[in-house]
Amino acid sequence: MEFPRPDLRENAKFTVTVLLTLAFLQYTGIFYENAGTINWRFLLILGMILPIFTCFLTIITANIEQLPDYDRVTRTRK
């Protein structure tokens, strides 16, 4: 199993870009009900969860080639 080392600077840029985009969409009222307000709690929680989620996705995509081998190893013969 491979554990890739993500670039922390790129991960931080991605997280900030997502949070700013969602803050803009919340403030303008696009896809959200209350225009002119920003849900800071939602953005804070997302800012903490998003880097963890992207790290898990990077690990999964780095190891996706091993899935057919895993199926072959765990197959039971009848």
Side-chain angles (χ1 to χ4, degrees):
M1 182 169 210
E2 293 180 34
F3 292 103
R5 297 189 73 132
D7 184 17
L8 296 178
R9 184 170 300 192
E10 288 298 320
N11 199 2
K13 281 186 198 177
F14 173 70
T15 304
V16 168
T17 303
V18 169
L19 292 177
L20 287 176
T21 303
L22 287 175
F24 174 76
L25 291 175
Q26 283 182 358
Y27 188 76
T28 57
I30 301 172
F31 303 121
Y32 293 94
E33 293 179 9
N34 301 331
T37 61
I38 296 176
N39 187 350
W40 294 106
R41 182 186 303 174
F42 169 73
L43 293 176
L44 178 67
I45 292 171
L46 184 67
M48 289 187 292
I49 292 175
L50 189 62
I52 297 168
F53 184 71
T54 55
C55 181
F56 284 142
L57 283 178
T58 333
I59 292 172
I60 289 170
T61 55
N63 294 301
I64 199 78
E65 294 139 359
Q66 296 178 1
L67 286 178
D69 293 336
Y70 180 77
D71 289 339
R72 185 174 37 96
V73 169
T74 59
R75 187 178 311 151
T76 58
R77 295 182 185 242
K78 293 183 179 182

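Owing to the predicted nature of the structure, the values given are computational and were not obtained by experimental measurement.
Under the 4.5 Å side-chain heavy-atom criterion for ILVMFWY residues, no single connected hydrophobic cluster contains both Phe53 and Leu44. Phe56 and Ile64 sit in two unconnected hydrophobic clusters of ILVMFWY residues. Membership requires side-chain heavy atoms under 4.5 Å apart, directly or through other members. Linking ILVMFWY residues whenever their side-chain heavy atoms come closer than 4.5 Å, directly or via other members, leaves Met48 and Val16 in distinct clusters. Following chains of ILVMFWY side-chain contacts shorter than 4.5 Å, one can reach Val18 starting from Trp40, so the two form part of one hydrophobic cluster. Leu25 and Tyr27 fall within a single hydrophobic cluster, where Ile, Leu, Val, Met, Phe, Trp and Tyr are joined by side-chain heavy atoms under 4.5 Å apart, directly or via other members.
Ile30 CD1 to Leu22 CG: the interatomic distance, rounded to the nearest 0.5 Å, is 11.5 Å. The line from CZ of Phe14 to CG of Leu19 is 9.5 Å long, rounded to the nearest 0.5 Å. Atom-to-atom distance recorded for Phe24:CZ and Ile38:CD1 is 10.5 Å, nearest 0.5 angstrom. In this structure, CG on Leu43 lies 11.0 Å from CG on Leu50, to the nearest 0.5 angstrom.
Every residue was checked against the salt bridge (Lys or Arg N to Asp or Glu O under 4.0 Å) condition with Glu33, not counting sequence neighbours, and none meets it.
Across Thr21, Thr15, Leu20, a single residue satisfies side chain to side chain contact (heavy atoms under 4.5 Å, CB included) together with Thr17, and that is Thr21.
Proximity of Tyr32 to Asn39: side-chain heavy atoms (C-beta onward) are nowhere separated by under 4.5 Å.
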